[in-house]
S.K.: 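Could you have a look at this structure, given as structure tokens, before my questions?
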Amino acid sequence: MPDTRPAPRPGIAQHLAPGLRRVLAPNPGPMTQAGTNTYLVGDGDIAVIDPGPDLPGHLDAILRALRPGERITHIFVTHAHRDHSALAGALGRAADAPVLAFGTATEGRSAAMQALAADGLEAGAGLDAAFAPDIRLTDGAEVAGPSWRMTALHTPGHAAGHLCLRWQDAVFSGDTVMGWASTVVAPPDGDLGAYMASTARLARLGARVFHPGHGAPIAAPAARCRDLLAHRRARETQILDRLASPATIRDIMPAIYPDLPPGLRPAGMGTVFGHLVALAQGGQVRASPKLCPDAVFSRS
């Protein structure tokens, strides 16, 4: 069910739970909803999750959210998209704190996605190509402060190096699971097979709540994960039905997204291509003359 509560005001620290505050970045849009959620975890020595876009006002808002005597000791980035990672360097310098993430913007890509990139397929415009963490986190890595402990979960799909972070009975789910929209999964950085596995993994965690990169907390996270997986399977069926005769992505798009605004068409086309790549990998479709967004696709 869509969340109908009003969005928090950008720049104002909002208390969500003991030891957890959220500061909304002022970057609303069709891909970010009300904006990027920046989280402050702990008391005293603070962990920041997803500094957000490189906006001086948002940097000031994060620093203003600190209580007297508090300091930022760790800065976690779920993935290297500019709406999540671009402010990390400036915040790290202001706080004298390290930035922790899986890796650079392209680390973690599967061999298939690397091959698509090598063949000329470009990543989306939001990729933060300049991002590089001070500390790399592998799956299962634990990082702790005096009042908090995080476990890194490598959850590729939306981005190759996407991390979710487990804290107590909550998970910071980044862009893998959101309550207000499904996730863009566009090759070569997005990988639908990996996304499905990551979402299924998150469903099994038994977490009480997810705190996403955009939008309100998700109070029934396992059910939300199952809904997202069912949505992807339904999309797959729609695409296969459309391939009763050979078709291009532009032919398929009206059947999948009949009312998509023009500004969202590139994301929609990228997601359809992500499904076609997964279907091709599974042997269910063929691409001619080769696997690329301009190919003609047909059932195998």
Side-chain angles (χ1 to χ4, degrees), residues 79 102 106-124 127 139 153-164 173-178 181-205 222-258 260 265-300:
H79 61 294
F102 181 84
T106 59
E107 286 183 61
R109 284 180 178 171
S110 67
M113 298 303 145
Q114 291 180 44
L116 287 170
D119 199 34
L121 182 63
E122 296 182 357
L127 198 71
D139 185 57
L153 307 171
H154 183 212
T155 48
H158 173 65
H162 195 290
L163 290 179
C164 293
S173 58
D175 282 1
T176 298
V177 178
M178 298 176 288
S182 59
T183 300
V184 173
V185 182
D189 203 42
D191 184 322
L192 187 64
Y195 173 82
M196 297 291 278
S198 293
T199 304
R201 179 188 184 187
L202 292 175
R204 297 191 297 267
L205 290 179
R224 178 58 177 159
C225 289
R226 291 192 294 269
D227 287 347
L228 290 169
L229 292 169
H231 170 75
R232 297 291 174 171
R233 289 190 287 268
R235 282 277 185 259
E236 180 179 279
T237 298
Q238 286 181 295
I239 290 170
L240 287 171
D241 288 346
R242 182 60 184 80
L243 291 180
S245 57
T248 66
I249 290 177
R250 293 185 183 278
D251 297 328
I252 296 168
M253 279 285 291
I256 306 302
Y257 298 112
L260 196 65
R265 285 185 62 83
M269 293 181 71
T271 294
V272 171
F273 184 54
H275 276 279
L276 290 164
V277 170
L279 289 166
Q281 290 174 326
Q284 294 170 272
V285 305
R286 296 189 302 269
S288 178
K290 64 179 182 178
L291 185 60
C292 68
D294 295 326
V296 176
F297 296 90
S298 57
R299 288 189 188 181
S300 298

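Excluded from the calculations below are hydrogen atoms, water molecules and symmetry mates; all remaining heavy atoms, backbone and side chain alike, are included.
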S.K.: For a quick test of reading the model, state the closest non-hydrogen atom pair linking Gln238 to Ala255 and the distance between them.
M.R.: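 Closest approach of Gln238 to Ala255: NE2-O, 3.8 Å.
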S.K.: Considering non-hydrogen atoms only, spot the tightest contact between Leu202 and Cys164 and give its length.
M.R.: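 Heavy-atom minimum between the residues: CD1-SG, 4.0 Å.
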S.K.: Do you know which two heavy atoms are closest between Leu291 and Ala280, and how far apart they sit?
M.R.: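 Closest approach of Leu291 to Ala280: CD1-CB, 4.2 Å.
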S.K.: By the salt bridge (Lys or Arg N to Asp or Glu O under 4.0 Å) test, which pairs, at least two apart or in different chains, include something from residues 110-120?
M.R.: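 Pairs touching residues 110-120 that pass the test: Asp119-Lys290.
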S.K.: If you measure from CG on Asp175 to NE2 on His162, what distance do you get to the nearest 0.5 Å?
M.R.: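 Rounded to the nearest 0.5 Å, the CG-NE2 separation comes out at 5.0 Å.
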S.K.: Of all the heavy-atom pairs spanning Pro187 and Gly270, show the shortest one and how long it is.
M.R.: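 Looking at all heavy atoms of both residues, the closest pair is CD-O, 3.5 Å.
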S.K.: Any side-chain heavy atom of Ile252 within less than 4.5 Å of one from Phe273?
M.R.: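 With C-beta onward as the side chain, the pair stays apart.
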S.K.: Can you tell me which residue among Thr155, Thr183, Val184 is in a side-chain contact (heavy atoms from CB on, under 4.5 Å) with Tyr195?
M.R.: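 Considering Thr155, Thr183, Val184, a side-chain contact (heavy atoms from CB on, under 4.5 Å) with Tyr195 is found only for Thr183.
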S.K.: Measuring from atom CD of Gln284 to atom NE2 of His275, what distance do you get when rounded to the nearest 0.5 angstrom?
M.R.: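 It comes to 12.0 Å.
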S.K.: Heavy-atom distance under 4.5 Å between the side chains of Arg286 and Ser300, does that happen here?
M.R.: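 The answer is yes; the side chains approach within 4.5 Å.
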S.K.: So, taking the atom named CG in Leu153 and the one named CG in Leu205, what distance separates them when rounded to the nearest 0.5 Å?
M.R.: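 Going from the CG atom of Leu153 to the CG atom of Leu205 covers 6.0 Å.
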S.K.: For a 4.5 angstrom cut-off between non-hydrogen side-chain atoms, does Met269 reach Pro293?
M.R.: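 No; the side chains remain at least 4.5 Å from each other.
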S.K.: Does the His154 side chain pair with the main chain of Ala160, one donor and one acceptor, at a distance under 3.5 Å?
M.R.: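 At least one qualifying donor-acceptor pair exists.
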S.K.: Got a second to check how far Leu228's CG is from Thr176's OG1, nearest 0.5 Å?
M.R.: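 One gets 10.0 Å once the value is rounded to the nearest 0.5 Å.
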S.K.: Do the non-hydrogen side-chain atoms of Thr271 and Leu192 ever get within less than 4.5 Å of each other?
M.R.: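 Thr271 does not reach Leu192 side chain to side chain.
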S.K.: Measure the spacing between CZ of Phe297 and CG of Leu279 and express it to the nearest 0.5 Å.
M.R.: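 The CZ atom of Phe297 sits 9.5 Å away from the CG atom of Leu279.
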S.K.: Can you give each donor-acceptor pair under 3.5 Å made by side-chain atoms of residues 242-251, sequence neighbours left out, with the distance rounded to 0.1 Å?
M.R.:
residue : atom : partner : partner atom : Å
Thr248  : OG1  : Arg250  : N            : 3.4
Thr248  : OG1  : Asp251  : N            : 3.2
Thr248  : OG1  : Asp251  : OD2          : 3.1
Asp251  : OD2  : Thr248  : N            : 2.9

S.K.: Tell me whether the count of non-hydrogen atoms from other residues, nucleotides or ligands lying under 6.0 Å of CZ in Arg299 goes above 12.
M.R.: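 Yes.
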S.K.: Search all heavy atoms of Leu163 against all heavy atoms of Phe102 and return the closest pair with its distance.
M.R.: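 Heavy-atom minimum between the residues: CD1-N, 3.5 Å.
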S.K.: So, taking the atom named NE2 in His158 and the one named CG in Asp191, what distance separates them when rounded to the nearest 0.5 Å?
M.R.: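 Nearest 0.5 Å value for the NE2-CG distance: 13.0 Å.
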S.K.: Heavy atoms, side chains only, cut-off 4.5 Å: are Asp189 and Met113 in contact?
M.R.: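 Side chain of Asp189 against side chain of Met113, heavy atoms only: no contact under 4.5 Å found.
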